[in-house]
Amino acid sequence: MTITPTIQQSLAAAGDTNPNKHPIQYMDTVDAYNKWAEIYDTDGNFLQALDTLELRTLLPAFLHRVEDTTATIANKTLIDLGCGTGRNTLHLMHHAPPTSQIIGLDASPGMLDVARKRIAEVDPDAGTGSAPRVRLAVLDLLTPDPGVLASASADGMISTLVLEHVPLDQFFMAVTALLKPGGYLLLTNMHAEMGAISQAGFVDPGSGRKIRPVSYSYGVAEVVRVAGENGLEVVDLDGEEKVRERRVDEGMVGVLGERARKWVGVVVWFGVCFRRI
């Protein structure tokens, strides 16, 4: 297994002087996201905003690929791996047929609590009954519960802005365990060009500290290589692109929010679709 240094370690080795005006506190990823859950959807995260914009086209194309596996997506199982507060779980609910089952998995109970409330607000019956359309469960990809892995077998899976927090081998081993042969994975993540400078984090309203979970910076080629070692092949996203990458420009700041301004000129995001062989 490849040992990849965390972004914290890489920045320290490079002599990073922490120009951030907030003192930084590094935390275990689950603890950090439990604290972040209360403000995650309202703290102006520009990368999340960019991801949402890109998924407007990527998610329907992904679902079309899943549908093509047996000519219909009805009764298929779709997993949102690292679903967080349910941002894209809700999009799956909107775009996928009502007969499909959606499973949201996340390591943070606090994030899942928010997701559960958001889903109930949209559809009070989605998570109820003997066979709920939407099911949420805790799954820590660092120490995955075999029971959770065994209870979910997906025709299609999305994982958005999650890979940054998990060693590549462990992430893709879990994907292979959860995804049926012939199934598709839509993956988005922070780009390594951004990861060379910074990482995910938020300012805790209570302490004023910048909270940062454990994060890793991965190049696209490295991600594709490790995915291939775990039985996944890249497929095109829209008939043309194998990998979609996005660089922030001045015109995007008004759409993504003021926090995007310091990232103008930097490639911050990529998306890629895989098929399990």
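Side chains of N88 and T160: a donor-acceptor N/O pair is present below 3.5 angstrom, by distance only. The closest side-chain donor-acceptor pair between T6 and R212, if any, does not fall under 3.5 angstrom.
Taking all atoms of both residues into account, the shortest heavy-atom contact from M93 to A126 is CE-CB, 4.0 Å. In this structure, F270 and Y218 approach most closely via the heavy-atom pair CE2-O, 4.3 Å. Across all their heavy atoms, N34 and M111 have their closest contact at OD1-N, 4.4 Å. When all heavy atoms are compared, the tightest approach of S215 to A200 is OG-N, 4.3 Å.
At a threshold of 4.5 Å between side-chain heavy atoms, the hydrophobic network of Ile, Leu, Val, Met, Phe, Trp and Tyr places V166 and L178 in one connected group.
Using a cutoff of 4.0 Å between basic side-chain nitrogens and carboxylate oxygens, D204 and R209 are not scored as salt-bridged. Ion pair E121/R118 not flagged as a salt bridge, since none of the NZ, NE, NH1 or NH2 atoms sits closer than 4.0 Å to an Asp/Glu carboxylate oxygen. Salt bridge D51/R87: present, at least one basic N to carboxylate O contact under 4.0 Å. A salt bridge is absent between E233 and R276: the closest approach of a Lys/Arg side-chain nitrogen to an acidic carboxylate oxygen does not fall below 4.0 angstrom.
A donor-acceptor pair is defined here as one N or O able to donate and one able to accept, closer than 3.5 Å; no such pair exists between the side chain of N45 and the backbone of D41.
Between H165 and Y33, the ring planes lie perpendicular to each other; the angle is over 60°, past the 30° to 60° tilted range. Between W36 and Y40, the ring planes lie perpendicular to each other; the angle is over 60°, past the 30° to 60° tilted range.
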